[in-house]
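Please read the structure below before turning to the comments.
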Amino acid sequence: MTARPRRVAVSAPPERGTAVPRPQPAATLDPGLAERARGLRRAQLRRAVVTLACAAVLLFGLPVLLRLAPDLARWRVGGLPLGWIAVAWLPYPLLGVLAWWHLRRAERAERP
């Protein structure tokens with residue numbers, strides 16, 4: 001049995017003074033489609049900012065609310081402190097609802 005020679009990648013750095021070619025876009029959109037794409041992108045960015053702001057309010061607002069209203073942390077639900085439930089369990093279903101809401105709005109924006 002003969003062993004195959006080991007494969008080695010061979011490359012050389014670009015020569016001095018030569019510009020490295022940059023990839024060019026494959027095709028350009030016609031002006032009507034390009035304007036629609038820009039508008040869709042702006043709408044998606046606005047929706048993303050709103051969704052992230054809602055998530056930040058949810059994730060940072062619950063601990064702040066419990067800090068400002070310490071009486072809420074003394075309440076018990078099913079033997080567990082309300083503060084623990086609010087920080088450990090409540091955000092996950094609410095984040096799921098927020099994700100679903102964001103997806104619905106994004107899909108609605110993409111419909112012609």
Side-chain angles (χ1 to χ4, degrees):
M1 246 189 209
T2 60
R4 282 197 230 173
R6 188 172 152 219
R7 295 179 71 182
V8 178
V10 179
S11 63
E15 293 181 19
R16 255 187 193 183
T18 61
V20 177
R22 294 184 183 202
Q24 297 297 320
T28 58
L29 295 174
D30 67 45
L33 287 176
E35 184 57 39
R36 184 175 189 288
R38 280 191 291 273
L40 181 60
R41 182 174 181 268
R42 279 192 303 269
Q44 295 287 27
L45 285 174
R46 276 193 308 271
R47 285 173 175 83
V49 167
V50 169
T51 302
L52 286 174
C54 290
V57 166
L58 172 68
L59 293 177
F60 294 115
L62 286 173
V64 169
L65 175 68
L66 292 173
R67 175 75 176 164
L68 295 176
D71 292 336
L72 291 176
R74 293 188 192 115
W75 292 3
R76 294 198 168 269
V77 176
L80 297 172
L82 182 63
W84 190 83
I85 292 171
V87 174
W89 288 359
L90 188 62
Y92 298 107
L94 293 177
L95 286 173
V97 169
L98 185 64
W100 174 80
W101 176 72
H102 177 78
L103 181 63
R104 295 290 305 218
R105 290 178 63 206
E107 287 175 345
R108 189 178 309 136
E110 290 177 1
R111 288 188 200 129

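To the nearest 0.5 Å, atom CZ of residue Arg67 and atom CG of residue Leu62 are 15.5 Å apart.
Put simply, Leu58 and Phe60 are part of two different groups of oily side chains (I, L, V, M, F, W, Y) that touch within less than 4.5 Å, one to the next. Residues Trp75 and Leu65 share a single hydrophobic cluster, defined by chaining ILVMFWY side chains whose heavy atoms lie under 4.5 Å apart. Trp101 and Leu103 are not part of a single hydrophobic cluster, where members link through side-chain heavy atoms under 4.5 Å apart.
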For residues 41-51, run the donor-acceptor check on the side chains, cut-off 3.5 Å, and write out each pair with its distance to 0.1 Å, sequence neighbours left out.
residue : atom : partner : partner atom : Å
Gln44   : NE2  : Glu110  : OE2          : 3.1
Arg47   : NE   : Arg105  : O            : 3.4
Arg47   : NH1  : Ala43   : O            : 3.2
Thr51   : OG1  : Arg47   : O            : 2.9
Thr51   : OG1  : His102  : ND1          : 2.7

Which donor-acceptor pairs under 3.5 Å do side chains of residues 79-100 form with protein atoms, sequence neighbours excluded?
none

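Taking the side chain to side chain donor-acceptor pair (under 3.5 Å) definition, one finds that Arg76 meets it with nothing, sequence neighbours left out. Residues satisfying the side chain to side chain donor-acceptor pair (under 3.5 Å) criterion with Asp71, sequence neighbours excluded, are Arg74. Not counting sequence neighbours, Arg36 has no partner by the salt bridge (charged side-chain N to carboxylate O under 4.0 Å, His left out) test.
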